[in-house]
Amino acid sequence: MKIRREKLNAFIEKGVQPFGHRFEVTHHAADIREEFGSLEVEQESSDEVKIAGRIMAIRGHGKASFGVLADRSGSIQIYFKLDVLGEEKYSQFKLLDIGDIIGLRGKVFRTKRGELTVRVENFDLLSKSLRPLPEKFHGLKDVEIRYRQRYLDLIMNPEVRDTFLKRTEIIKSMRKYLDDRNFIEVETPILSTIAGGAAARPFVTHHNTLDTDLYLRIATELNLKRLIVGGFERVYEIGRIFRNEGMDNRHNPEFTSVEIYQAYGDYNDLIDVTEGICCAAAEKIFGTTKITYQGVEIDLKNPPRLSMNDAVKNKTGKDFLSCQTVEEARKMADEIGVAYEERFGIGGILNAAFEEKVEDDLIQPIFITHHPTEISPLAKKNPDDPRITDRFEFFVYGRELANGFTELNDPIDQKNRFEEQLKAREAGDEEAHVMDTDFIRALEYGLPPTGGLGIGVDRLVMLLTDAPSIRDVLLFPTMKVLAE
RNA sequence: GAUUCGCUAGCUCAGUCGGUAGAGCACCUGACUUUUAAUCAGGGUGUCCCGGGUUCAAAUCCCGGGCGGAUCACCA
């Protein structure tokens, strides 16, 4: 680093500003490959190109040298020659380091070895790099540096850049899918006085002027349904939500969800939307709905549907919905070694059995439906059996990727459900819903029959980029603060 | 939060039984006008994560702490 500072001063002494300004770029590396790819060995283009990027390698040969310049589209070889540049400019080239950012112009030719190359007629130093980059051969592997200094990761590891470009493509394909079907994209507050719409502990912050605590949203659900009440009929929001929970491969404190609400539809319509979004994204990236995740082949097309109770029954032989009393359900759970808490009803115990015995095995895509009402405080009850709801969750590789249901639009029932949640909260469930009286009031004005859906965007991106950790699909994952 | 593994040069890593801190790449000096992990000759650039302890002597052994990974717990 000391030496690089000396080189920086040497540029200044030569009258060259080491941190340059605007540079007009006519081509990127990929453009050159496309436009001049047909050049024969030792043949040269008639026109000059202007390119800019970061020097990734220098191979010196005395009075001529090769380098590699990387830009957003890839990289291209560049050739510096004393005869072409002259003594002064070539001596400036000698002061360049790997990592420096330059702009240059020159004609394109193909070397004896067949490498498409730009012969540098002249170059401008656009930014002197004062720190050495990681070594090129082994690259940057230290995951801590990769996450904390993502810029280095992006410079050194092209596949990382590729993952994040795919992330953008996936989100674009989602927008297109929804926009094409007349859903409108909206933005709702992140700061709110009530954190509702999901079961999770929120982050708390404080507004000085209002002198009041505010919560960071844990879901977008309730506000989006207010908008359905308001008459939008089809809305969605792609946005960051925040949950004050532990972190691991699948959880980051802030993550991105897309929630979608469709008036006059029900959970079956939203199952179709879920499948449609996932397949559209996979097709955009791979051209097929058949993907490989962590060595397992997965086809996102036409996943089967199975009720939670049947899933548990198939696996354990126990039919929890045949129970008439909690005691019977507890006995069943005991027989198959499933733990439950005192406050659980039949539905809670069924859900515990599902999570314990079934969830991890749901590798191939499947829609699990008809979750117990007890654990679904915002979902509409099934018309034939009030103990369960018209709800679904989409599982792939043992992970919940999406969750949706026919929305509860009966304000009286919703109020009862909130009151049940308050009891659960008092019984020690920190993540039970809080009462949202304005939401009840909105329902009292009339929410049309509506289907709703939430997809974990990061988890979908993980699946489609074969990323083992959620941190691999977040540019700047949450990290512990380093001690001073 | 628990268990476990890791932290040594810019990067990737080695370091034996506790005895002068190592390699490759990068970097520096020199040679080289079509190389591509360029090559050849020479050069080691360090808070061994931090703080204690044991010892004549600690990267190494012990204790505490930090950060990271994995697994579990938690998290619909």
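Just so you know, these numbers use all the heavy atoms, side chains as well, and skip hydrogens, waters and symmetry mates. The chains referred to below are lettered A, B, ... by the order of the sequence lines, with proteins before strands, and numbering in each begins at 1.
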Any residue meeting side chain to side chain contact (heavy atoms under 4.5 Å, CB included) with A:Thr188, in chain and number order, not counting sequence neighbours: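 Residues passing side chain to side chain contact (heavy atoms under 4.5 Å, CB included) with A:Thr188: A:Val186, A:Arg217, A:Thr220, A:Asn223, A:Leu224, A:Leu227, A:Glu237.
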Using atom types as modelled, flag every donor-acceptor pair under 3.5 Å from a side chain in residues 104-112 of chain A to any protein atom, sequence neighbours excluded.
unit_1   : atom_1 : unit_2   : atom_2 : d
A:Arg105 : NH1    : A:Glu48  : OE1    : 3.2
A:Arg105 : NH1    : A:Glu48  : OE2    : 3.2
A:Arg110 : NE     : A:Leu39  : O      : 2.6
A:Arg110 : NH1    : A:Gly114 : O      : 2.8
A:Arg110 : NH2    : A:Gly37  : O      : 2.7
A:Thr111 : OG1    : A:Arg113 : N      : 3.3
A:Thr111 : OG1    : A:Gly114 : N      : 3.3
A:Thr111 : OG1    : A:Glu115 : N      : 3.0

Charged N-O contact under 4.0 Å between A:Arg399 and A:Asp458: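 No, A:Arg399 and A:Asp458 are not salt-bridged.
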Cationic N near anionic O, under 4.0 Å, A:Asp413 to A:Arg417: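 Judged by the 4.0 Å cut-off on N to carboxylate O distance, A:Asp413 and A:Arg417 do form a salt bridge.
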Report, one pair per line, the protein and nucleotides 68-76 of chain B atoms (nitrogen or oxygen only) whose separation is under 3.5 Å.
unit_1 : atom_1 : unit_2   : atom_2 : d
B:G68  : OP1    : A:Arg148 : NH2    : 3.4
B:G68  : OP1    : A:Lys480 : N      : 2.8
B:G68  : O4'    : A:Glu144 : OE1    : 2.9
B:G69  : OP1    : A:Arg471 : NH1    : 2.7
B:A70  : OP1    : A:Asn249 : OD1    : 2.9
B:U71  : OP2    : A:Asn249 : ND2    : 3.1
B:C74  : N4     : A:Asp248 : OD2    : 3.4
B:C75  : O3'    : A:Glu431 : OE1    : 3.0
B:C75  : O2'    : A:Glu245 : OE1    : 2.4
B:C75  : O2'    : A:Glu245 : OE2    : 2.7
B:C75  : O2     : A:His251 : ND1    : 3.4
B:C75  : O2     : A:His251 : NE2    : 2.1
B:A76  : OP1    : A:Ala199 : O      : 2.0
B:A76  : OP2    : A:Glu431 : OE1    : 2.4
B:A76  : O2'    : A:Glu393 : OE2    : 2.8
B:A76  : O2'    : A:Glu400 : OE1    : 2.5
B:A76  : N1     : A:Asn403 : ND2    : 3.4
B:A76  : N3     : A:Arg391 : NH2    : 3.4

Suppose we screen for side chain to side chain donor-acceptor pair (under 3.5 Å). Which residues come up paired with [X], at least two apart in sequence or across chains?
| X | answer |
| --- | --- |
| A:Asp472 | A:Tyr147 |
| A:Ser45 | none |
| A:Arg148 | A:Glu144 |
| A:Lys380 | A:Asn409 |

Consecutive Watson-Crick or G-U pairs in runs of at least 3, all under 3.5 Å, in which RNA chain B is involved: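 Output for stems: B:1-7 with B:66-72, B:10-13 with B:22-25, B:27-31 with B:39-43, B:49-53 with B:61-65.
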B/S/- contact track for nucleotides 21-30 of chain B, protein heavy atom under 4.0 Å: ---BBSSS--
Contact pattern, 5' to 3', of nucleotides 39-45 of chain B - B, S or - by protein heavy atom under 4.0 Å: -------
Pairs satisfying salt bridge (charged side-chain N to carboxylate O under 4.0 Å, His left out), at least one member in residues 69-94 of chain A, at least two apart: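 Pairs touching residues 69-94 of chain A that pass the test: A:Lys14-A:Glu88.
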Minimum heavy-atom distance between A:His433 and A:Gln421, given as atom pair plus value: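 That closest heavy-atom pairing would be N-OE1, 2.9 Å.
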Rounded distance in Å between the P positions of B:A14 and B:C67: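 24 Å, rounded to whole Å.
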Residues forming a salt bridge (Lys or Arg N to Asp or Glu O under 4.0 Å) with A:Glu44, sequence neighbours excluded: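 Per chain and number, A:Glu44 pairs via salt bridge (Lys or Arg N to Asp or Glu O under 4.0 Å) with A:Arg119.
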Distance, rounded to the nearest Å, where A:Ile155 contributes CD1 and B:G10 contributes P: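 One finds 18 Å between P of B:G10 and CD1 of A:Ile155, rounded.
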